[in-house]
Amino acid sequence: SEGFKLFGGEITISDKNLFDKNPSAMMRLFELSQLHGVQIHSFARECLRKSLDRIDDEFRASPDVNRSFMNILKSEWDVTGSLKLMHKLEVLDRFIPEFGEVRCQVQHDIYHIYTVDTHSLFAVEELRRLMLGEQKEAYPVRTALMEELERPEVLYLAALLHDVGKGKGGRHEEIGARIAAAVAERLGFSKDDIDDIEFLVLNHLKLSHTAQRRDLSDAKLILDFAMEIGSLERGKMLYLLTYADIRAIGPDVWTEWKSDLFHELYTKTAEVFEKGVFDVKETKERIRKVASEVEQIIGRDYPEKGVRAFMRSMPERYLLSNTPTKIAEHFTIAMRHVPPLSVDLKHNERRGYTRLIVTTIDAPGLFYKISGVLSGNGINILAADIYTRKNGEVFDIFHVQNTIEGIPIDNKRWARVESDLLDVIQGAKKAEDIIKEFRKPSILGGKYIPGIKPRVIINNEISDSNTVIEIFAEDRIGLLYTISKILVKQGLYIEVSKISTMGKQITDVFYLKDIFGQKVFYREKLDEVKRELLNAIEEGETWQD
């Protein structure tokens with residue numbers, strides 16, 4: 001290309017004044033470097049740095065410059081490497097000054113370990129790894145979705161700009177969406193692409209929050225989510241952006257449990273688009289279909305009436321939120337139940353968690369007792385699905401892991417968990433005593449002071465049948481026990497519990513009903529619940545009866 005040459009296997013310029021004479025050649029340099037897979041020579045880099053002041057409004061409006069940048073985003077080659085080098089040499093920051101404003105900007109939260117600019121570039125890199133097939137073995141569905149995208153450059157730009165609204169006051173996703181739309185328009189993206197980029201930046205937290213905080217067995221929730229997204233293509237891009245965003249936060253934030261939740265929400269949403277319509281009234285037909293498939297899986301090992309009786313005894317939510325294969329497995333576990341308590345374990349080494357099923361007779365406060373025993377044995381609850389059968393038995397499904405990440409829970413500790421559960425259920429022990437034994441008093445003493453200001457949000461609009469309480473607080477041993485115990489003492493019954501941890505912050509969400517099986521509508525009661533929860537979280541160890 002005119003003005004460029006190869007020297008020692010690297011690309012450089014023929015004239016040291018090239019960039020002053022033709023500023024658009026600066027972007028062309030990166031395009032050619034990427035196209036031919038060669039490094040940029042130090043001489044060209046030095047000349048480029050001396051000409052950075054030529055990157056002005058005229059440069060940004062140049063069709064040639066924008067065409068070169070678009071070619072870089074569309075390339076099958078090293079998109080991330082090009083963007084990182086452009087950022088290092090300050091070309092990206094000046095070409096997209098909105099991105100330059102977050103250069104080296106520290107994120108003042110408890111889980112981001114990278115500055116905004118570095119995190120954003122890492123998010124693009126995660127997408128590129130999918131596109132290049134580097135994650136095909138671990139994440140085949142995401143890899144396939146990335147390869148199917150019609151315009152991956154739209155997703156790359158959204159990932160690059162998804163956090164540009166940070167540090168400007170207000171909700172960063174709303175501010176960032178407006179900024180991203182303006183940048184995309186300046187770069188020459190089409191109207192449809194600009195709309196998609198704006199949508200992705202505006203909603204880049206939505207899929208994560210919904211998957212981790214909402215009941216994914218709620219058909220109306222899935223329908224509403226799909227309607228907000230608007231198209232399957234947008235759904236794919238939002239799913240992939242969520243994956244890349246959280247993977248790029250830091251090594252301890254991404255978990256396979258979150259991966260499963262995101263995948264479940266995406267697949268259920270995709271089903272809505274693929275069918276073209278989703279009618280909540282189809283629920284009964286879906287349940288009949290599930291029941292038929294369960295009977296086929298189990299075959300003649302058990303009487304047909306027994307299978308149907310088990311499914312009739314379970315709440316409708318259970319049949320909608322579990323696959324036929326899982327239901328068949330659960331049925332065999334239920335049939336093996338020997339009163340007063342049965343515990344079934346299934347370790348998933350690849351996913352890094354254990355599925356724990358507790359079967360026993362229902363009793364007031366059972367959930368907080370179970371959570372207390374698990375906490376007192378150093379076991380984190382990732383999620384809890386609480387089901388009460390019509391015969392009075394509970395069939396509670398927990399997904400748990402060790403508090404020390406990466407260390408498996410040995411059989412000796414599981415035996416102690418089962419023994420402690422039996423003792424607590426029968427009244428021989430108190431769960432708070434088990435927690436206190438595990439969490440020995442600090443030699444420093446003093447009152448517990450939370451490092452994160454706790455928040456409690458109560459919402460009666462999210463679910464048609466439940467009051468939903470969201471709790472944000474600093475994680476600590478016994479916190480879930482404390483929270484769930486207060487809810488029970490307030491006469492509230494937990495139907496769904498969603499537990500999520502980001503760094504040191506927990507987000508615990510509970511779907512609740514009162515003693516009459518209804519939502520809680522009285523404002524005085526809701527205020528009392530909120531006040532009790534906040535007091536307990538702020539005071540620390542509130543385990544006494």
Side-chain angles (χ1 to χ4, degrees), residues 73 75-81 83 111-114 118-160 162 196 200 203-212 216 222 225-226 229 231-274 323 325-326 346-355 382-383 399 401 405-406 500-502:
L73 289 183
S75 174
E76 296 181 1
W77 308 112
D78 191 6
V79 174
T80 311
L83 292 176
Y111 47 87
H112 276 94
I113 64 173
Y114 304 117
T118 299
H119 161 71
S120 301
L121 288 166
F122 281 171
V124 178
E125 186 171 24
E126 289 294 342
L127 294 172
R128 282 301 295 174
R129 293 183 67 196
L130 288 176
M131 181 63 82
L132 297 173
E134 295 178 8
Q135 296 281 41
K136 192 168 187 176
E137 184 175 345
Y139 304 115
V141 174
R142 295 181 180 93
T143 298
L145 292 177
M146 191 70 203
E147 293 172 348
E148 290 172 6
L149 288 184
E150 297 176 9
R151 307 178 314 282
E153 63 273 14
V154 169
L155 184 55
Y156 293 145
L157 187 66
L160 184 69
H162 76 279
D196 283 344
L200 290 170
N203 294 282
H204 72 270
L205 300 174
K206 188 172 186 61
L207 188 144
S208 172
H209 287 179
T210 303
Q212 296 183 80
L216 300 186
I222 302 300
F225 185 77
I229 292 173
S231 72
L232 182 56
E233 186 74 3
R234 274 190 177 179
K236 290 178 184 178
M237 290 193 289
L238 186 60
Y239 177 44
L240 294 168
L241 178 59
T242 303
Y243 161 83
D245 184 17
I246 295 187
R247 291 272 295 185
I249 289 174
D252 298 329
V253 176
W254 175 262
T255 66
E256 293 304 317
W257 174 246
K258 290 175 185 173
S259 175
D260 289 346
L261 290 177
F262 299 160
H263 184 68
E264 180 181 355
L265 177 55
Y266 168 74
T267 52
K268 288 183 174 181
T269 305
E271 182 183 354
V272 175
F273 293 119
E274 288 165 358
T323 65
T325 302
K326 284 185 179 179
K346 186 176 182 180
H347 305 293
N348 192 324
E349 294 182 9
R350 189 173 72 86
R351 295 296 189 186
Y353 60 76
T354 297
R355 190 270 289 129
L382 299 173
H399 290 83
Q401 64 182 183
E405 189 176 350
S500 173
T501 304
M502 293 280 275

Any carboxylate oxygen within less than 4.0 angstrom of a Lys/Arg side-chain nitrogen, looking at R128 and D78?
no

Are side-chain N/O atoms of E125 and T80 paired as donor and acceptor at under 3.5 Å?
no

E271-T267 side chain donor-acceptor pair, cut-off 3.5 Å:
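Side-chain D/A pair, E271 to T267: absent.
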
How far apart are the closest heavy atoms of [X] and [Y], and which atoms are they?
{"X": "E233", "Y": "E150", "value": "OE2-N, 3.3 Å"}
{"X": "D196", "Y": "R151", "value": "OD2-NH2, 2.7 Å"}
{"X": "W254", "Y": "S259", "value": "CZ2-CB, 3.3 Å"}
{"X": "K258", "Y": "V253", "value": "NZ-O, 2.8 Å"}
{"X": "A159", "Y": "H162", "value": "O-ND1, 2.6 Å"}

Classify the ring geometry of Y266 against Y239: parallel below 30°, tilted from 30° to 60°, perpendicular beyond 60°.
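If you compare the ring of Y266 with that of Y239, the planes turn out parallel.
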
Under 4.5 Å between any side-chain heavy atoms of R355 and N348, yes or no?
no

So, do K268 and L216 sit near enough that their side-chain heavy atoms are less than 4.5 Å apart?
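In contact.
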
So, taking the atom named [atom1] in [X] and the one named [atom2] in [Y], what distance separates them when rounded to the nearest 0.5 Å?
{"X": "H399", "Y": "Y353", "atom1": "NE2", "atom2": "OH", "answer": "4.5 Å"}
{"X": "M237", "Y": "Y156", "atom1": "CE", "atom2": "OH", "answer": "12.5 Å"}
{"X": "Y114", "Y": "L121", "atom1": "OH", "atom2": "CG", "answer": "12.5 Å"}

Kindly say whether L130 contributes a backbone atom to a donor-acceptor pair with the side chain of K136 at under 3.5 angstrom?
no

Could you tell me whether the side chain of H209 and the main chain of K206 form a donor-acceptor pair under 3.5 Å?
no

Go through D245 and H119 one step at a time and tell me if the side chain to side chain donor-acceptor pair (under 3.5 Å) criterion holds.
CA-CA 8 Å; D245 184 17; H119 161 71; 2.8 Å; yes

